[in-house]
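Inspection log for the structure reproduced underneath, given as structure tokens.
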Amino acid sequence: MDIGTNAKLLYSLTGGNTGDAFQISGTGGVITLNNSLDAEALAYYTLTVTAYDQSGTGPNFLNSTVQVFIDVTDVNEIAPTFQSALYTGTVRENAPINTGTAVTVKAIDTDLLPSNKNIIYNITAGNLQGSFIVHRN
């Protein structure tokens, strides 16, 4: 076991820190966020951490490296968007209730996790007489 300054370690991020997303405490080795992350842009990081003894120079200067894998967990931060800005449909005035399709709308959500891609459709305006319903399938 080293003693004196050789027993004190300095830590450094020496690889894989894309976009300077992380920082490391030089004397404690604690890795923290330095910038915002986006799982859709980069879902994981493989950081290389190097520990040095504090002698820093000479024949007794020693270091060791390790890889640290960090997964970026997706959150539901992307709102769904409709594939078209306007939808138009036609319905006969004498069409039986609950039959036929007036129009089919389609939205997409580009979040990574399937649980964050669930889209629920609702009619939020313009259906004053309740003539239209949204089918969930």
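Atom set for the values below is all heavy atoms of this structure, side chains included, hydrogens, waters and symmetry mates excluded.
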Residues L33 and Q23: closest non-hydrogen pair is O-NE2, 3.9 Å
Heavy-atom pair of closest approach, residues G19 and N35
O-ND2, 2.9 Å
Main chain of K117, side chain of D111: is a donor-acceptor contact present, judged purely on distance under 3.5 Å?
no
When rounded to the nearest 0.5 angstrom, what is the spacing between CG in D74 and CG in L37?
12.0 Å
Provide the closest heavy-atom pair for V91 versus A102 in the form atom of the first, atom of the second, distance.
CG2-CB, 3.3 Å
Mind listing the closest non-hydrogen atom pair of L86 and S84 along with its distance?
O-OG, 2.8 Å
Between N127 and S131 (side chain of the first, backbone of the second, donor and acceptor by atom type, cut-off under 3.5 Å), is there such a pair?
yes
Under the side chain to side chain contact (heavy atoms under 4.5 Å, CB included) rule, what do I108 and Q83 come out as? Steps first, then yes or no, please.
CA-CA 7 Å; I108 58 169; Q83 291 182 322; 3.5 Å; yes
To the nearest 0.5 angstrom, please state how far the OG1 atom of T14 sits from the CG atom of L47.
9.5 Å
Short side-chain to backbone donor-acceptor contact, Y52 and S12, under 3.5 Å
no
Quick one: do L13 and V68 end up in the same hydrophobic cluster if we chain Ile, Leu, Val, Met, Phe, Trp and Tyr together by side-chain heavy atoms under 4.5 Å apart?
yes
Any idea how F82 and Y121 line up, ring-wise: parallel (<30°), tilted (30 to 60°), or perpendicular (>60°)?
tilted
Determine whether more than 12 heavy atoms belonging to other residues, nucleotides or ligands lie under 6.0 Å from atom CD1 of I119.
yes
State, to 0.1 Å, how close E40 and T110 come at their nearest heavy-atom pair, and which atoms those are.
CG-O, 3.6 Å
Do Y11 and V66 share a hydrophobic cluster (ILVMFWY, side-chain heavy atoms under 4.5 Å, transitive)?
yes
How long is the straight-line distance from OG of S64 back to CG of L9, given to the nearest 0.5 Å?
9.5 Å
Tell me, yes or no, whether the heavy-atom count around I120 atom CD1, taken from other residues, nucleotides or ligands under 6.0 Å, exceeds 12.
no
Just by distance, no angles: are the side chains of N116 and D109 close enough, under 3.5 Å, to form a donor-acceptor pair?
no
Taking atom CG of L10 and atom CD1 of I24, what is their separation to the nearest 0.5 Å?
10.5 Å
Would you check, one step at a time, whether the test side chain to side chain contact (heavy atoms under 4.5 Å, CB included) holds for I31 with V49?
CA-CA 10 Å; I31 298 171; V49 176; 4.0 Å; yes
Determine, using ring centers only, whether Y45 and F22 are less than 6.0 Å apart.
yes
Approximate separation, where rounding is to 0.5 Å, of L113 CG and T73 OG1:
8.0 Å
Starting at CD1 of I78, measure out to CG of N76 and round the result to the nearest 0.5 Å.
8.5 Å
Could you check whether any side-chain heavy atom of I123 comes within less than 4.5 Å of a side-chain heavy atom of F132, counting everything from C-beta outward?
yes
